[in-house]
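Contents: one structure, followed by commentary.
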Amino acid sequence: MEKKSWHNEIDFHCRFGIWPFQKSLDITPAGFLYCGELFPLRAITRLRWGVDQKRGGIFPKVQYIAVFGTETREFTIKTKQRDFYEHLTQRFWRAVGKRLMAEMLDGLRRGTEYRFGDFSISDGGLIITQKGLFKGSQPEFFAWPRLKWGIVNGNLVFTTAEAPDKPIASASFIWVDNTHMLSVALALLQERGDRKSLSAIAG
């Protein structure tokens, strides 16, 4: 019954773009069928999505962007329809996002570090490479209990508890792969009294 429910949760079929250049995407337990080419769910290693807002004229131009990719290829879906975008990204999360987050937590537990834009994470915290003119690249480690984080203008932003108004690192939801997975994991970590390791949220 649960398996059937998951199938229904991820099932999604759509066409997008302007005729005669329309493209199609089907999301099923078999994978993502993009314009007739099937990508099994396990082959998808990265997701990202967000709102691209450009200023100009009286009203800003808003475009919703969702991206999925394998190790070697990526595919971008753009739309101005918010409802379509929200339904699509819900399926992204249910079909692949949860698995990617679980794999990241397992990797962190085993000592793997993951890169997000200009910083990396380990199980115990954030790693930022400070570039100095004479010292070269100097990595600096910030343990999770020392950090604060939140969402600002479409970015996951980190500060220290000592200086909450001074960002030390950030990752864009729309341009940096798997930032949504990290954000969800950190939200779960925030709920714990002990914030020493991110993988602890997996139990």
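In what follows, residues are counted from 1 in the order of the sequence shown.
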Point to revise | With Phe32, the ring pair (Phe, Tyr, Trp, His ring centres under 6.0 Å) member among Phe12, Phe75, Phe92 | key: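 Exactly one candidate clears the test, Phe92.
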Exercise for review: Identify the residue among Trp93, Phe116, Phe173 that makes a ring pair (Phe, Tyr, Trp, His ring centres under 6.0 Å) with His180.
Suggested key: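 Single pass found, and it is Phe173.
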Tell me, do [X] and [Y] make a side-chain contact under 4.5 Å, heavy atoms counted?
{"X": "Asp118", "Y": "Ile128", "answer": "no"}
{"X": "Tyr64", "Y": "Val62", "answer": "yes"}
{"X": "Thr45", "Y": "Val96", "answer": "no"}
{"X": "Thr76", "Y": "Ile65", "answer": "yes"}
{"X": "Lys166", "Y": "Thr159", "answer": "no"}
{"X": "Phe68", "Y": "Ile27", "answer": "no"}

Practice item. Verify whether one side chain among Asp123 and Ser199 offers a donor that lies under 3.5 Å from an acceptor in the other. Key: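 Present: a donor and an acceptor within the cut-off.
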Taking the basic N atoms (NZ, or NE/NH1/NH2) and the acidic carboxylate oxygens, is any pair closer than 4.0 Å for [X] and [Y]?
{"X": "Glu86", "Y": "Arg91", "answer": "no"}
{"X": "Glu74", "Y": "Arg48", "answer": "yes"}
{"X": "Glu162", "Y": "Arg146", "answer": "yes"}

For [X] and [Y], work out which heavy atoms get closest and say how close.
{"X": "Pro139", "Y": "Ile127", "answer": "CB-CG2, 4.2 Å"}
{"X": "Leu47", "Y": "Met181", "answer": "CD1-CE, 4.4 Å"}
{"X": "Ala161", "Y": "Pro164", "answer": "O-CD, 3.6 Å"}
{"X": "Arg109", "Y": "Ala202", "answer": "NH2-CB, 3.6 Å"}
{"X": "Leu108", "Y": "Ser122", "answer": "CD2-C, 3.5 Å"}
{"X": "Cys35", "Y": "Lys23", "answer": "SG-CB, 3.4 Å"}

[Y] backbone acceptor or donor facing [X] side chain under 3.5 Å:
{"X": "Arg46", "Y": "Thr70", "answer": "yes"}
{"X": "Asn155", "Y": "Val157", "answer": "no"}
{"X": "Tyr114", "Y": "Leu105", "answer": "no"}
{"X": "Thr89", "Y": "Tyr85", "answer": "yes"}

Output the distance between atom [atom1] ([X]) and atom [atom2] ([Y]), rounded to the nearest 0.5 Å.
{"X": "Arg94", "Y": "Asn8", "atom1": "CZ", "atom2": "CG", "result": "10.5 Å"}
{"X": "Gln63", "Y": "Lys78", "atom1": "CD", "atom2": "NZ", "result": "5.5 Å"}
{"X": "Arg195", "Y": "Ile201", "atom1": "CZ", "atom2": "CD1", "result": "12.5 Å"}
{"X": "Met101", "Y": "Asp106", "atom1": "CE", "atom2": "CG", "result": "12.5 Å"}
{"X": "Ile77", "Y": "Cys14", "atom1": "CD1", "atom2": "SG", "result": "6.0 Å"}
{"X": "Arg42", "Y": "Arg99", "atom1": "CZ", "atom2": "CZ", "result": "5.0 Å"}

Review point. Asn178 and Glu103: side chain to side chain contact (heavy atoms under 4.5 Å, CB included), yes or no, with the steps?
Key: CA-CA 12 Å; Asn178 297 335; Glu103 289 177 350; over 6 Å; no
In one Ile/Leu/Val/Met/Phe/Trp/Tyr side-chain cluster, 4.5 Å: [X], [Y]:
{"X": "Leu182", "Y": "Phe141", "result": "no"}
{"X": "Val67", "Y": "Trp175", "result": "yes"}
{"X": "Leu147", "Y": "Leu156", "result": "yes"}
{"X": "Val184", "Y": "Val152", "result": "no"}

Practice item. I would like to know whether Trp49 and Ile174 meet side chain to side chain contact (heavy atoms under 4.5 Å, CB included); could you show each step before the answer? Key: CA-CA 5 Å; Trp49 61 85; Ile174 194 173; over 6 Å; no
Practice item. Please confirm whether Phe39 and Tyr34 have ring centers closer than 6.0 angstrom. Key: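 When the ring centroids of Phe39 and Tyr34 are compared, they turn out to be at least 6.0 Å apart.
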Exercise for review: Assert yes or no for the condition that the ring centre distance of Phe158 to Phe119 is strictly below 6.0 Å.
Suggested key: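 Between Phe158 and Phe119, the centre distance is under 6.0 Å.
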Exercise for review: Could you check Gln190 against Trp149 for side chain to side chain contact (heavy atoms under 4.5 Å, CB included), going step by step and ending with a plain yes or no?
Suggested key: CA-CA 9 Å; Gln190 189 72 52; Trp149 52 81; 3.2 Å; yes
Exercise for review: Test Leu25 against Phe16 for side chain to side chain contact (heavy atoms under 4.5 Å, CB included), laying out the working first.
Suggested key: CA-CA 8 Å; Leu25 174 66; Phe16 55 94; 4.1 Å; yes
Review point. Hey, is CG on Asn153 packed in by over 12 heavy atoms from elsewhere, all under 6.0 Å?
Key: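 Result for CG/Asn153: open.
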